[in-house]
Protein chains: 2
Amino acid sequence: MTDVGDDSPVPTLAFAILALIAREPLTGYQLSRQLRDPIGLFWQARHSQIYPVLNRLERLGWATAEEVPGPGPRPTRRFSIGAAGMDALRAWVAAPQSRRSGRDELLLRVYASWVADRSVTLGLLRDAEARHREQLATYTARRRSAEDRGVADDATTAEFADYATLRRGIGFERGRIAWLRWLMRRLDADGSSDDEG
Amino acid sequence: MTDVGDDSPVPTLAFAILALIAREPLTGYQLSRQLRDPIGLFWQARHSQIYPVLNRLERLGWATAEEVPGPGPRPTRRFSIGAAGMDALRAWVAAPQSRRSGRDELLLRVYASWVADRSVTLGLLRDAEARHREQLATYTARRRSAEDRGVADDATTAEFADYATLRRGIGFERGRIAWLRWLMRRLDADGSSDDEG
DNA sequence: ATCTCCATGTAACTCGTTACATGATTTT
DNA sequence: AAAATCATGTAACGAGTTACATGGAGAT
């Protein structure tokens with residue numbers, strides 16, 4: 001009994017959860033881990049946000065819960081998507097997209113970086129490159145593993161959809177690293193020529 | 001007198017605003033337009049979010065306001081960054097970055113797209129491509145204009161920082177379009193061979 | 001004994017969007 | 001005359017984060 005009125009618009013997180021339980025039934029805890037890592041690539045949520053949405057999906061008849069043995073003071077519940085949930089998810093995929101480009105703190109820092117010393121900016125960019133290289137390594141390992149399992153062969157499967165988003169993640173990281181390297185070269189060049197004290 | 005307690009952490013939006021008024025003094029209204037278009041590329045805010053932050057920047061002594069002639073029932077105020085604001089902005093550029101990768105609704109839709117008909121998914125991707133091509137055209141026009149003005153020549157200016165973020169925008173759009181085309185080709189191939197029904 | 005993982009929930013708060021409210025100037 | 005633009009604010013709500021709360025199972 002977290003909330004009762006079910007007339008308010010369904011949040012995007014609900015569809016992220018539906019997309020995950022459409023693959024296999026999951027507990028709230030498992031969802032909270034998945035919304036850090038695999039899908040976490042492009043959608044994140046904490047467990048405090050997930051549990052209320054799960055209860056709402058249940059009340060909407062979009063998901064059903066079964067109790068499974070587990071630890072803890074409260075029952076462990078595994079959620080499965082229902083026929084109505086599949087319909088809702090299908091409708092959402094086709095729904096018109098809202099074009100709000102996201103927020104990117106690194107770009108904002110670079111936009112403001114002319115107020116700082118060149119060495120500070122270069123440090124910022126080097127840190128960013130290291131973190132993106134790390135992320136890229138994770139993604140490429142995952143891509144190789146997917147390709148070895150033959151996931152890339154049939155574009156109609158759920159695993160292929162995973163693989164497709166993974167490829168976009170790799171493209172994003174590579175593009176960002178290339179841009180960071182370009183920017184560092186430019187800052188190095190305009191600093192080492194040392195026109196002004 | 002919107003809020004009084006000034007001990008809570010300063011939101012990222014405050015630094016986005018500082019980065020803008022560090023270039024030239026702006027009114028709240030001008031900021032709200034800039035946080036749609038040029039910087040809007042990677043940070044957005046509505047005027048209802050901006051005005052309270054401006055008042056807070058003033059109370060912090062990070063920005064100063066001067067009244068200028070203008071229309072409307074309330075005085076029009078143009079904000080300039082102060083020395084303390086510049087220090088705060090400089091410190092923020094160098095501060096450790098929080099790595100929370102953003103949310104991307106298109107990727108979430110693709111992740112869920114295996115539940116929908118192939119034609120629906122292809123429609124989604126075609127729409128996305130059209131919107132990204134449009135955005136790319138805007139960015140490339142802006143880049144050409146910046147290069148014609150010689151902005152790309154000196155990496156120490158504020159205009160170069162603009163230009164650098166613009167280049168990242170172009171890279172992002174191109175990468176995304178390439179990925180969309182790859183995905184559409186893959187879906188076309190696995191559909192036109194028509195193995196089933 | 002302590003730590004980590006599994007497991008679910010609530011409370012308090014900040015961030016962000018939409019809607020309400022007012023009113024002058026300029027353009028169509 | 002109507003619409004768009006300039007200009008600033010508040011209110012209500014939804015989205016998202018952090019912190020509080022509980023407790024069993026297994027590993028160190």
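In the interface, the side chain of Ser48(B) is paired with the base of dT18(C) through a donor and an acceptor atom under 3.5 Å apart.
The side chain of Arg33(A) places an N or O atom within less than 4.0 Å of a non-bridging phosphate oxygen (OP1 or OP2) of dC6(C). For the pair Arg103(A) and dG16(C), the criterion of a side-chain N or O lying under 4.0 Å from OP1 or OP2 is met. For Arg74(A) and dG23(D), the shortest distance from a side-chain N or O to OP1 or OP2 is not below 4.0 Å.
What separates CG of Leu26(A) from P of dT8(C) is a distance of 11 Å, to the nearest Å. Atom pair Leu31(A):CG and dG9(C):C1' shows a separation of 15 Å (rounding to whole Å applied).
Distances were taken from every side-chain heavy atom of Tyr29(B) (C-beta onward) to each of dT8(D), dG23(C), dG9(C); the shortest belongs to dT8(D). Across dC15(C), dA21(D), dG16(D), the shortest atom-to-atom separation from the side chain of Gln49(A) is found for dG16(D). For Tyr51(B), the side-chain atoms get nearest to dT8(D) when compared with the rest of dT18(D), dG9(C), dT8(D). Side chain of Pro73(A), nearest nucleotide from dA15(D), dT22(D), dT17(D): dT22(D).
Mapping Leu13(A) and His47(A) onto DNA chain D by nearest heavy atom places Leu13(A) closer to the 5' end of the strand. Of the residues near DNA chain D, Gly70(B) and Pro9(A), the one whose nearest nucleotide (by heavy atom distance) lies more toward the 5' end is Gly70(B).
One finds no salt bridge joining Asp188(B) and Arg185(B) here, because no Lys/Arg side-chain nitrogen approaches an Asp/Glu carboxylate oxygen to under 4.0 Å. The residues Arg77(A) and Glu58(A) are annotated as salt-bridged, a charged nitrogen and a carboxylate oxygen being separated by less than 4.0 angstrom.
Residues Thr12(A) and Trp43(A) have side chains in contact (heavy-atom distance under 4.5 Å, counting atoms from C-beta outward).
Using a 4.0 Å heavy-atom cutoff across all strands shown, Pro75(A) reaches sugar-phosphate atoms only and no base atom. Within the 4.0 angstrom heavy-atom criterion, only backbone atoms of the sugar-phosphate kind lie near Gly28(B); the bases stay farther away. Residue contacts for Ser32(B): at a heavy-atom cut-off of 4.0 Å it reaches no nucleic acid atom on any strand shown. Contacts of Thr12(B) with the nucleic acid, taken as non-hydrogen atoms under 4.0 Å apart, are absent.
Because its NZ or CZ atom is both nearer than 6.0 Å to the ring centre of Phe172(A) and within 45° of the ring axis, Arg168(B) counts as a cation-pi partner of that residue.
The aromatic rings of Phe160(A) and Tyr163(A) are tilted relative to each other, their planes meeting at an angle between 30° and 60°.
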